[in-house]
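What follows is a short report on a single structure.
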Number of protein chains: 2
Amino acid sequence: MPDRRQPGQRAGLSHAAVLAAARQLLAERGLEALSMRALAARLGVSPNALYSHIESKTGLVDDLLDDTLAAVKAPDPDVEDPLEGLHALMASTYEVLLVHAELVPAYLARQGARGPNARRLGEVMLALLQRAGVTGPDAREALHVLIVHTIGAAAFATRSPLTPDIPSRATEEDHRAEFDRGLQWLLTGINAFARHEERLPSR
Amino acid sequence: MPDRRQPGQRAGLSHAAVLAAARQLLAERGLEALSMRALAARLGVSPNALYSHIESKTGLVDDLLDDTLAAVKAPDPDVEDPLEGLHALMASTYEVLLVHAELVPAYLARQGARGPNARRLGEVMLALLQRAGVTGPDAREALHVLIVHTIGAAAFATRSPLTPDIPSRATEEDHRAEFDRGLQWLLTGINAFARHEERLPSR
DNA sequence: ACCTGAACACCGTTCAAGT
DNA sequence: ACCTGAACACCGTTCAAGT
């Protein structure tokens with residue numbers, strides 16, 4: 001996408017245009033290659049021009065992170081078995097993270113996304129946990145633990161450019177099985193404790 | 001520690017001296033401040049002099065990472081209840097990570113340490129898992145899931161310099177409780193599945 | 001409001017040369 | 001073997017100025 005403007009003509013950037021170009025650059029050359037200067041070059045502007053549309057590089061990455069979560073399929077909190085719903089939600093998150101594997105190191109560094117999409121998924125998770133008998137402080141704990149497991153498993157499954165030297169014979173299926181297994185362990189444990197507390201309501 | 005050499009005199013660096021200075025810099029000013037140039041300045045040498053003693057910055061951080069794990073208290077694999085032993089080992093790892101909180105982002109980026117200390121802890125974990133009835137591929141899965149949970153929980157508990165803008169009312173005790181709870185959930189789930197498979201040996 | 005040129009204050013790493 | 005000077009090829013961000 002070369003720059004076809006005459007000298008002096010406006011570039012006509014926008015927040016959305018910068019984000020789209022960043023995603024393209026990310027997909028083609030990875031997180032390492034996503035620099036303000038490379039992004040500006042791709043858009044045909046000088047590096048500092050980007051600061052008319054984004055606050056900082058960190059802000060840009062945060063927006064990219066939350067945007068990615070828009071693709072996660074959240075189950076209807078009402079109709080399904082809540083534990084199966086949780087499994088499906090986390091599995092969809094895991095899959096979306098793997099599709100955008102170049103972003104996983106950024107998720108780690110930022111400890112997850114924190115935009116509107118992340119908030120929406122968090123609310124669905126809390127609703128499902130409540131229906132599974134996990135309430136109060138336990139729910140927040142379970143939420144965090146499930147998120148940590150999902151992002152962590154995605155990071156393990158990702159040959160990140162930060163760690164090109166780690167040998168591994170594991171296939172994508174192995175990693176997926178490992179993620180599912182861990183998720184099952186967690187949900188089993190969460191459920192066992194929730195049912196135990198039902199019998200001891202005053203404790 | 002100012003540099004007290006006459007011009008032309010050798011600096012007398014070593015791998016160990018570079019590592020020690022790096023740890024000091026890290027403790028005083030955090031991971032962001034750990035640059036080759038700042039490290040060289042502290043040691044009174046030019047930046048490129050460091051490359052006579054370390055392979056790269058990544059290698060230096062890896063050595064730092066594994067060194068830190070030397071402080072983890074591994075239980076004797078034979079004497080204890082294996083599930084309690086696993087809990088104790090992961091808890092000790094969590095505590096050591098929090099003491100060196102500046103390193104946690106590096107653990108995330110490198111997906112854990114991979115030196116001799118990490119290997120030693122991994123072997124103890126596998127032995128304990130085996131005694132808890134988790135063997136074969138399940139054991140590797142459980143190992144990874146437990147490590148992901150521990151490093152992830154430590155990252156959540158760490159106000160990293162990478163994410164200074166995230167507000168949180170949670171105290172250190174809250175995070176510790178969350179880590180312990182998640183660990184209990186995991187071990188409960190792992191144990192439940194292991195006992196289930198005992199009854200179905202051919203499946 | 002949007003963009004440029006120039007600069008500030010940095011990075012990790014390599015290479016030829018000196019002792 | 002160990003270290004220096006100089007350089008290469010980069011970073012994110014700010015500031016004054018132009019349209």
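For clarity, every value in this text was computed on a predicted model and none was experimentally measured. Chain A is the first sequence line, chain B the second, and so forth, proteins listed ahead of strands; every chain is numbered from 1.
Mapping A:Glu55 and B:Arg37 onto DNA chain D by nearest heavy atom places B:Arg37 at the nucleotide closer to the 5' end.
Distance from the side chain of A:Ala49 is smallest to C:dT4 among D:dT4, C:dG12, C:dT4. Between C:dG12, D:dT4, D:dC3, one nucleotide has an atom nearer to the side chain of B:Ser46 than all others, and that is D:dT4. With C:dC3, D:dG12, C:dT13 as the choices, the nucleotide that has an atom nearest any side-chain atom of A:Leu13 turns out to be C:dC3. Of the candidate nucleotides D:dC3, C:dC11, D:dG12, C:dC11 has the atom lying nearest to any side-chain atom of B:Ser35.
One P atom belongs to D:dA9, the other to C:dC10, and the distance between them is 23 Å to the nearest Å. When the C1' atom is used for both C:dC8 and D:dC11, the distance is 12 Å, rounded to whole Å.
The side chain of A:His53 contributes an N or O atom lying less than 4.0 Å from OP1 or OP2 of C:dC3.
Nucleotide C:dC11 holds its P atom 11 Å from the CG atom of B:Leu39, rounded to whole Å. Rounded to whole Å, the distance from CD1 on A:Ile54 to P on D:dT14 is 11 Å. The distance from atom NE2 of A:His15 to atom P of C:dC2 is 13 Å, rounded to the nearest whole Å. Between the NZ atom of B:Lys57 and the P atom of D:dC11 there is a distance of 16 Å, given to the nearest Å. Between the C1' atom of D:dT14 and the CG atom of A:Leu50 lies a distance of 14 Å, rounded to the nearest Å. When rounded to the nearest whole Å, the span between CG of A:Leu34 and P of D:dC11 equals 10 Å. Here the P atom of nucleotide D:dG12 and the CD atom of A:Glu32 are 13 Å apart, to the nearest Å. Distance, A:Met36 CE to D:dC11 P: 10 Å, rounded to whole Å.
B:Glu28 has no carboxylate O lying under 4.0 Å from a charged side-chain N of B:Arg23, or vice versa, which leaves the two without a salt bridge. B:Arg176 has a carboxylate O that lies under 4.0 Å from a charged side-chain N of B:Glu95, or vice versa, which qualifies the two as a salt bridge. The residues B:Arg131 and B:Asp81 are annotated as not salt-bridged, no charged nitrogen and carboxylate oxygen being separated by less than 4.0 angstrom.
Base pairing analysis places C:dT19 opposite D:dA1; the two distances defining the Watson-Crick or G-U wobble pair are each below 3.5 Å. The partner of C:dT13 is D:dA7, judged by Watson-Crick or G-U wobble contacts that both fall below 3.5 Å.
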Report the C-alpha distance between B:Phe156 and A:His144 in whole Å, list the side-chain angles of each, state the deciding distance to 0.1 Å, and finish with yes or no for ring pair (Phe, Tyr, Trp, His ring centres under 6.0 Å). CA-CA 8 Å; B:Phe156 251 86; A:His144 283 156; 4.8 Å; yes

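Within 4.0 Å (heavy atoms only), A:Ser52 reaches at least one base atom of the nucleic acid.
Two residues are said to be in side-chain contact when any heavy atoms from C-beta on lie closer than 4.5 Å; A:Leu64 and A:Leu34 meet this criterion.
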